[in-house]
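Heads up: the structure comes next, in structure tokens.
The figures that follow rest on heavy atoms only: side chains count, while hydrogens, waters and symmetry mates do not.
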2 protein chains.
Amino acid sequence: MLQLTRDGEYAVRALVYLASQPDGKISLISEISETQEVPKSYLSKIMQHLVRSGLVKSRRGAKGGFVLARPAHQITLRQTIEAMEGPIHLNVCLIKKGECHRDDLCPVHPVWRDAQSKLIEVLDSKTMADLVRDAEKLQRTGNKTEARRVEVK
Amino acid sequence: MLQLTRDGEYAVRALVYLASQPDGKISLISEISETQEVPKSYLSKIMQHLVRSGLVKSRRGAKGGFVLARPAHQITLRQTIEAMEGPIHLNVCLIKKGECHRDDLCPVHPVWRDAQSKLIEVLDSKTMADLVRDAEKLQRTGNKTEARRVEVK
DNA sequence: AGCATTAAGACTAAATTCATCTTAATTGTC
DNA sequence: GACAATTAAGATGAATTTAGTCTTAATGCT
Ligand code: SF4
Ligand code: SF4
């Protein structure tokens, strides 16, 4: 299906949370889990994955927890999602040349390439720092969709 | 995963084939299956689905087969894919308002909306007629990727 | 030593994906 | 009317993915 998995979704929530914390602040699984509404033990697995991907650093033991591995403006939405799901390929023929042997003469192939590059462009253009800033703005103004909610009789 | 299913892929192949046929020509499952490299019995189920979705008309019995239900320029790539997979929603919060209760204050929500609308725009802009025309062009020139295949030592 | 915390990964249930197979229904032709 | 060709419908199933839980080990502060 053309839909983000829970893995990806939860990873984004976790990283946005970490990015919103004061510099150097260590966050606990339980803290992230509660505020971001992600099952605790599931989140634990996701955090492990993010550590291994190099986006997050962890410290074990008492006073342990998680911190971003680099500044929030150096972590994009795409990186976060790909850390969990692997590289984005909207169709098999975009995995690598030759994955679908029809690609040379296939008129649909270029369309998928186009669609994918536009999607990736959007995900590349948002960093965790951007998202935190956007979130602060929304705290004040509310989301635009709110305005569109019109009475339908 | 953010990837098209085989259902969608095969439906597109089938419709591009039907669109490439002379007007009024009836095509058989076996014919589509062979040229488009789709398992015959699997394709049969897909064609059923496309008939019920109103994109294709079928005729049973001897001399039966499949034809497009409307002109090729009135069938888009998006329609074809959505006929098999249902409406495209890159994330659950795009299914409908309230599907994710965090959407009002979520900074990621608008990003998904943006990404999805760009993806859909690409898929909406290509009709089966366009694709058939593109395919004819490729028959002559070959796909651009071909040119990029450079010797790597 | 003792406790809090993450690390690692085994385990599981449910859903989805990608088919195959069987049987029925329909229609053209002889 | 008999028969062959063809799609219609859907039951079945294996493999994979998804989403999540649980257990045990390792680590580090106090
Ligand atoms: S779109 Fe074309 S190239 Fe891509 S998988 Fe389908 S047939 Fe192959
Ligand atoms: S992106 Fe935001 S609104 Fe959308 S599902 Fe995730 S939390 Fe909910």
Side-chain angles (χ1 to χ4, degrees), chain A residues 1-14 18 25-34 36-69 81 83-86 88-92 95 100, chain B residues 1-14 18 25-34 36-69 81 84-86 88-89 91-92 95 100:
Chain A
M1 229 198 325
L2 287 165
Q3 193 172 288
L4 188 72
T5 61
R6 304 314 284 160
D7 277 29
E9 165 69 18
Y10 291 157
V12 171
R13 291 194 197 179
L18 289 185
K25 158 86 186 306
I26 288 185
S27 305
L28 306 185
I29 287 270
S30 55
E31 180 186 337
I32 307 173
S33 163
E34 278 162 32
Q36 305 305 300
E37 300 171 285
V38 180
K40 209 159 106 178
S41 42
Y42 194 11
L43 178 62
S44 152
K45 232 184 42 177
I46 286 170
M47 294 310 288
Q48 272 177 52
H49 208 110
L50 292 175
V51 168
R52 259 175 291 165
S53 307
L55 295 180
V56 167
K57 278 188 298 194
S58 70
R59 222 171 73 185
R60 291 182 167 193
K63 300 281 174 183
F66 299 91
V67 201
L68 288 189
I81 291 165
M84 297 306 299
E85 310 207 340
I88 290 172
H89 302 299
L90 285 186
N91 201 346
V92 290
I95 295 175
C100 171
Chain B
M1 230 197 327
L2 286 166
Q3 192 173 287
L4 188 71
T5 61
R6 304 313 283 161
D7 277 29
E9 165 69 19
Y10 292 156
V12 171
R13 291 193 197 180
L18 289 184
K25 158 85 186 308
I26 287 184
S27 305
L28 305 186
I29 287 271
S30 54
E31 180 186 338
I32 307 174
S33 162
E34 279 161 30
Q36 305 306 298
E37 300 171 285
V38 180
K40 209 159 108 178
S41 42
Y42 193 10
L43 178 61
S44 153
K45 234 185 40 177
I46 286 170
M47 294 310 288
Q48 273 176 52
H49 208 109
L50 291 174
V51 168
R52 261 175 288 164
S53 308
L55 295 180
V56 167
K57 278 187 297 194
S58 71
R59 222 171 72 186
R60 291 181 166 197
K63 301 280 174 183
F66 298 91
V67 202
L68 289 189
I81 291 165
M84 296 305 300
E85 309 207 339
I88 290 172
H89 303 299
N91 201 346
V92 291
I95 295 174
C100 171

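Both A/M1 and A/R60 lie near DNA chain C, and the one whose nearest nucleotide falls closer to the 5' end is A/R60. Map A/R59 and B/S30 each onto its nearest nucleotide of DNA chain D; the residue landing nearer the 5' end is B/S30. Nearer to the 5' terminus of DNA chain C, by closest-nucleotide assignment, is the contact made by A/K63 (compared with the other of A/Q48 and A/K63).
Checked by atom type, the side-chain pair B/E9/A/N91 shows a donor-acceptor distance below 3.5 Å.
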What do the steps show when you test B/E31 against B/K40 for salt bridge (Lys or Arg N to Asp or Glu O under 4.0 Å), and what is the final call? CA-CA 9 Å; B/E31 180 186 338; B/K40 209 159 108 178; over 6 Å; no
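Side-chain to base pairing of A/K45 with D/dG20: one donor and one acceptor N or O lie within less than 3.5 Å of each other.
Without hydrogens or angle criteria, B/E85 side chain to B/T5 main chain gives a donor-acceptor distance under 3.5 Å. At least one donor-acceptor pair under 3.5 Å links the side chain of A/H49 to the backbone N or O of A/A83. Formation of a donor-acceptor pair under 3.5 Å by the A/S33 side chain with backbone atoms of A/V38 is found in this model.
Using a 4.0 Å heavy-atom criterion, one finds that B/M47 contacts no nucleic acid atom at all. Within the 4.0 angstrom heavy-atom criterion, only backbone atoms of the sugar-phosphate kind lie near A/T5; the bases stay farther away.
Boundaries of the chain B contact region on DNA chain C are C/dT17 to C/dT29, first to last in 5' to 3' order (nucleotide atom under 4.0 Å from a heavy atom).
Sorted by first then second residue, the side chain to side chain donor-acceptor pair (under 3.5 Å) pairs that include residues 55-66 of chain B, not counting sequence neighbours, number zero.
Straight-line distance from the CG atom of A/L4 to the P atom of D/dT17: 17 Å, rounded to whole Å. When the C1' atom of D/dA15 is taken as reference, atom OH of B/Y42 falls 13 Å away, rounded to whole Å.
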